[in-house]
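Below you'll find the structure, written out as structure tokens, and then a few comments.
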Amino acid sequence: MTWLFDFWRSSIGGKVTMAVTGLLLFGFVVAHLLGNLQLFAGPERLNAYAKMLADSGALLWVARIGLLVVFVVHVVTAIRLSRANKSARPVAYQHEDTVQATFASRSMVFSGLSLLAFVVYHLLHFTFGVTNPEHFARKGVGAGGHDVYAMVTTSFAVPAIAIAYAAFQIVLFLHLRHGIQSLAQTLGLNHGRLTPLIGKLSVLLAALIAGGNLLLALSVQLGVVKVAS
Ligand code: HEM
């Protein structure tokens, strides 16, 4: 186990850890969005999907614990790398491009910590029912006790909640865009003719994910998705 810890503590090991955990989190965000998009297919479909997840028992818990471990490792490694970067550079940068690189990595720490705050709020909202117990109570009244459709639509019908979710999607967009570019860098892909392509691909993927989440919140506000009665 010590070799693993030593690898994690090395500069390249830290970058590889960020890339692997980042990819896994990216996979989760894509899968979560694809599941949530079933909101557009109506209550039966979304609730059947939520029930299927809830009924997967031990498997769901393995996935949840795995996700939590990946998330914690991603955050802790990011903090370690950012501290190491700072202490390795007592003198200010001379060149414009490196100053920009520092700004990008600083904004990653900032957007990452904002997303951490979002996830904590999101769990208190939809998983633990702390922030809006009246919406969470709706989760228990549908077929098989999984009326997630009612919980989500009554939540996003509240303008402040829809705006909060929408605002966090901007942060998610920025974080994913830079994250995808960093991943390409770690994999040695971000050079020469590939750089503009990676730039465009990172904008496209980040926009699809953040835009999809945004669409969910806005559709309820705009009446495209009906709020459960
Ligand atoms: C509009 C967008 C979103 C909607 C409608 C949504 C909806 C939900 C719902 C309903 C649950 C609770 C599932 C349950 O307990 O039955 C949930 C859980 C969760 N969501 Fe989201 N979500 C959205 C965006 C996000 C984003 C952007 C992230 C991450 C950055 C995220 C991370 C999570 C996590 C980590 C869980 C806990 C998973 C679990 O333990 O089962 N969600 N979400």
Side-chain angles (χ1 to χ4, degrees), residues 21-41 43 45-72 74-75 111-133 135-158 160-177 179 205-222 224-225 227-228:
T21 52
L23 256 178
L24 290 169
L25 292 171
F26 184 78
F28 166 76
V29 179
V30 172
H32 194 44
L33 171 63
L34 291 177
N36 289 338
L37 283 173
Q38 295 178 71
L39 188 77
F40 292 108
R45 184 76 175 269
L46 184 69
N47 288 342
Y49 166 72
K51 186 173 178 342
M52 185 267 289
L53 280 187
D55 288 350
S56 33
L59 208 65
L60 177 69
W61 280 102
V62 170
R64 278 177 164 167
I65 293 166
L67 183 65
L68 184 67
V69 170
V70 167
F71 192 75
V72 170
H74 192 74
V75 173
S111 60
L113 291 177
S114 309
L115 283 175
L116 178 64
F118 167 77
V119 172
V120 170
Y121 163 67
H122 186 54
L123 292 181
L124 292 175
H125 181 203
F126 280 153
T127 300
F128 301 114
V130 174
T131 58
N132 294 83
H135 300 151
F136 187 69
R138 302 298 305 268
K139 199 181 165 189
V141 297
H146 294 279
D147 202 344
V148 169
Y149 181 90
M151 176 176 72
V152 171
T153 52
T154 50
S155 292
F156 288 158
V158 179
I161 295 181
I163 292 170
Y165 272 81
F168 271 113
Q169 298 318 310
I170 300 169
V171 181
L172 183 64
F173 169 80
L174 294 172
H175 195 81
L176 289 179
R177 188 191 60 175
L205 291 175
L208 279 175
I209 293 167
N213 285 326
L214 185 72
L215 200 66
L216 288 165
L218 285 187
S219 303
V220 176
Q221 272 295 313
L222 298 173
V224 177
V225 169
V227 178

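Note that the structure is predicted; figures quoted are calculated from it, not measured. When reading the values below, keep in mind they use all heavy atoms of this one structure, side chains included, and skip hydrogens, waters and symmetry mates. Order of appearance sets the numbers: ligands from 1, and atoms from 1 within every ligand.
Atom 30 (C) of ligand 1 has as its closest protein heavy atom V119 CG2, 4.0 Å. Among all non-hydrogen protein atoms, the one lying nearest atom 2 (C) of ligand 1 is N213 OD1, 3.4 Å. In this structure, the protein non-hydrogen atom closest to atom 41 (O) of ligand 1 is R64 NE, 3.0 Å.
Ligand 1 has K139 within reach: a non-hydrogen atom of the residue lies less than 4.0 Å from it.
Residue L123 touches ligand 1 through its side chain alone, judged by heavy-atom distances below 4.0 Å. Residue contacts with ligand 1 for F118 involve side-chain atoms from C-beta outward but no N, CA, C or O (heavy atoms, distance under 4.0 Å). Contact annotation: for V148 versus ligand 1, heavy atoms closer than 4.0 Å belong to the side chain alone.
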Stepwise side-chain contact (heavy atoms from CB on, under 4.5 Å) test for I209 and F26: CA-CA 9 Å; I209 293 167; F26 184 78; 3.4 Å; yes
Working for side-chain contact (heavy atoms from CB on, under 4.5 Å), residues N213 and H32: CA-CA 10 Å; N213 285 326; H32 194 44; 5.9 Å; no
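Residues meeting the side-chain hydrogen bond (donor to acceptor under 3.5 Å, both in side chains) test with H74, sequence neighbours left out: T21.
For residues 163-173, no residue pair satisfies the salt bridge (Lys or Arg N to Asp or Glu O under 4.0 Å) rule, not counting sequence neighbours. Contacts classified as salt bridge (Lys or Arg N to Asp or Glu O under 4.0 Å) and involving residues 23-40 (residues at least two apart or in different chains) are not found.
In this structure, the ring of Y121 has its center no less than 6.0 angstrom from the ring center of F168. A ring-centre distance under 6.0 Å is not found for F156 and H135.
Q169 contributes no side-chain N or O that, together with a main-chain N or O of A166, makes up a donor-acceptor pair within less than 3.5 Å.
Counting only N and O atoms by type, the side chains of H146 and Y49 include no donor and acceptor under 3.5 Å apart.
The nearest non-hydrogen atom to atom 35 (C) of ligand 1, considering only F128, F156, F28, comes from F28.
By the definition of a contact as any protein heavy atom under 4.0 Å away, atom 23 (C) of ligand 1 is in contact.
The tally of protein N/O/S atoms under 2.8 Å from atom 21 (Fe) of ligand 1 stands at 2.
Heavy-atom proximity to M151, at under 4.0 Å, picks out these atoms of ligand 1: 10 (C).
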